[in-house]
Colleague: 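Encoded as structure tokens, here's the structure I'll be asking about.
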Amino acid sequence: MTVEIRGKLYEGKAKIVYATDRPDLIVQFFKDDATAFNAQKRGTIVGKGVVNNRMSACLFEVLRSRGVPTHYVATLSEREMLCRRLDIIRIEVIVRNVIAGSLAKRTGVEEGVPVAVPVVELYYKSDELGDPMINDDHVRLLRLATPRELRWIRRTALRVNTVVRPYLARRKLLLVDFKLEFGRAGRRLWLGDEISPDTCRLWDAQSGERLDKDRFRRDLGGVEEAYQEVYRRVVGAGGRGR
Ligand code: 5GP
């Protein structure tokens with residue numbers, strides 16, 4: 001598909017969104033810039049944009065083949081993804097299979113403990129407020145989504161987990177937790193944003209080594225190498241298989 005890229009619509013911490021000559025399509029450009037703790041920590045992860053673009057495309061294709069509607073349309077280049085234009089719902093949806101990060105802090109349960117039934121959490125997507133956790137009543141209060149939309153979002157987030165977790169497990173990656181964003185277009189909802197080591201916790205299935213953005217957040221070193229390893233396992237030779 002050929003589209004003409006027009007002006008910048010929005011520049012986020014890790015991506016730039018461009019308009020195109022098609023009003024229903026946008027381009028996501030994936031940067032190497034990395035931020036953490038609400039942009040208090042900043043840096044660069046060389047090659048990250050390519051990894052995140054390719055891995056997201058790969059997982060969006062798998063999800064589409066399993067009936068999950070995603071905003072992904074096509075890969076235009078190493079860092080550019082053509083996507084359906086969404087009206088983004090200001091909720092970050094997190095699904096957790098293993099205790100880690102803020103859930104370990106909130107509950108006092110140590111990182112690495114498996115969760116029997118996946119935990120779904122909602123956060124209000126607001127940089128000014130620092131993305132606070134919210135519940136269904138807050139979603140209604142703030143009119144972020146209708147009860148019907150929220151039911152669909154929860155069901156779809158768990159469906160994403162059901163598809164992506166075993167897909168990554170076959171590539172020796174444990175999907176600890178991940179963040180999703182959804183949006184509206186053409187009177188229905190779609191999965192948006194990206195699915196990458198920036199938005200997921202991915203641990204080596206055998207050693208438990210962290211192969212995600214926590215290496216940057218926690219100054220663990222080997223950040224670029226971790227992203228490349230995930231790329232190799234997910235996108236590399238045979239990455240598009242089952
Ligand atoms: P936690 O709440 O433990 O900090 O994060 C849970 C999961 O959601 C992690 O996989 C983390 O990468 C992802 N996540 C949560 N909030 C954000 C965010 O604002 N940006 C990104 N990129 N990922 C997030």
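Counting from 1, the numbers follow the sequence of the chain as shown. The figures here come from the full heavy-atom set of this structure, side chains too, leaving out hydrogens, waters and symmetry mates. Counting convention: from 1, in listed order, for ligands and their atoms alike.
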Colleague: Among pairs that include at least one residue of residues 35-44, which meet side-chain hydrogen bond (donor to acceptor under 3.5 Å, both in side chains), considering only residues two or more places apart or in two chains?
Modeller: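 Listed once each, the pairs are Lys41-Asp219.
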Colleague: Asp131 heavy atoms, cut-off 4.0 Å: which ligand 1 atoms fall inside?
Modeller: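 By the 4.0 Å cutoff, the relevant atoms are 19 (O).
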Colleague: Would you check if there is a donor-acceptor pair between the side chains of Tyr123 and Ser126 at a distance under 3.5 Å?
Modeller: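 Not at all, the side chains of Ser126 and Tyr123 share no donor-acceptor pair under 3.5 Å.
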Colleague: Please work out whether any backbone atom (N, CA, C, O) or any side-chain heavy atom from C-beta onward of Glu92 is under 4.0 Å from ligand 1, and answer side chain, backbone, both or neither.
Modeller: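 Side chain only.
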Colleague: Specify side chain, backbone, both or neither for Asp177, according to which of its non-hydrogen atoms lie closer than 4.0 Å to ligand 1.
Modeller: both
Colleague: Name the option, out of Asp198, Val93, Asp214, Thr35, that contains the heavy atom nearest to atom 23 (N) of ligand 1.
Modeller: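 Closest candidate by heavy-atom distance is Asp198.
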Colleague: Around atom 8 (O) of ligand 1, find the nearest protein heavy atom and jot down its residue, atom name and distance.
Modeller: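 Its nearest protein heavy-atom neighbour is Ile94 CD1, 3.4 Å.
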Colleague: Hey, are Arg151 and Thr156 close enough side-chain-wise for a donor-acceptor pair under 3.5 Å?
Modeller: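 No donor-acceptor contact under 3.5 Å links the two side chains.
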Colleague: Which bit of Ala14 is near ligand 1, meaning a heavy atom under 4.0 Å away: side chain, backbone, both or neither?
Modeller: neither
Colleague: Check each atom of ligand 1 against the heavy atoms of Arg217 and keep those under 4.0 Å away; list them by number with element.
Modeller: 11 (C), 12 (O)
Colleague: Would you call Arg233 and Asp204 a salt bridge, taking side-chain N to carboxylate O under 4.0 Å as the test?
Modeller: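 Yes, this pair counts.
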Colleague: Got a salt bridge between Asp214 and Arg201, using NZ or NE/NH1/NH2 to carboxylate O under 4.0 Å?
Modeller: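 The answer is yes: the pair qualifies as a salt bridge.
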Colleague: If you measure from atom 6 (C) of ligand 1 to every heavy atom of Lys105, Arg201, Glu194, which option wins on shortest distance?
Modeller: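 When every heavy atom of Lys105, Arg201, Glu194 is considered, Arg201 comes closest to atom 6 (C) of ligand 1.
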Colleague: Report the nearest protein non-hydrogen atom to atom 24 (C) of ligand 1: residue, atom name, distance rounded to 0.1 Å.
Modeller: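 Atom 24 (C) of ligand 1 sits closest to the protein heavy atom Lys179 CD, 3.8 Å.
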Colleague: Determine whether any heavy atom of Arg96 lies closer than 4.0 Å to an atom of ligand 1.
Modeller: yes
Colleague: Without hydrogens or angle criteria, can the side chains of Tyr227 and Asp198 be said to hold a donor-acceptor pair below 3.5 Å?
Modeller: yes
Colleague: If you count the atoms of ligand 1 from 1 in the order shown, which ones are under 4.0 Å from a heavy atom of Gly101?
Modeller: 3 (O)
Colleague: Taking transitive links into account, so neighbours of neighbours count too, which hydrophobic residues share a cluster with Ile88 at under 4.5 Å side-chain distance?
Modeller: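 Listed partners: Leu86, Trp190.
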Colleague: Does the N or O separation between Ser102 and ligand 1 drop below 3.5 Å for any pair?
Modeller: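 Between Ser102 and ligand 1 (N or O atoms, distance only) the closest approach is under 3.5 Å.
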Colleague: Measure from NZ or CZ of Arg218 to the centre of the six-membered ring of Phe216, then state whether that distance is under 6.0 Å and the direction lies within 45° of the axis.
Modeller: no
Colleague: Could you tell me whether ligand 1 has any atom less than 4.0 Å away from a heavy atom of Glu181?
Modeller: no
Colleague: Does a salt bridge link Glu111 with Arg210, judged by any charged N lying under 4.0 Å from a carboxylate O?
Modeller: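 Looking at Arg210 together with Glu111, the answer is yes, because their closest N to O distance falls below 4.0 Å.
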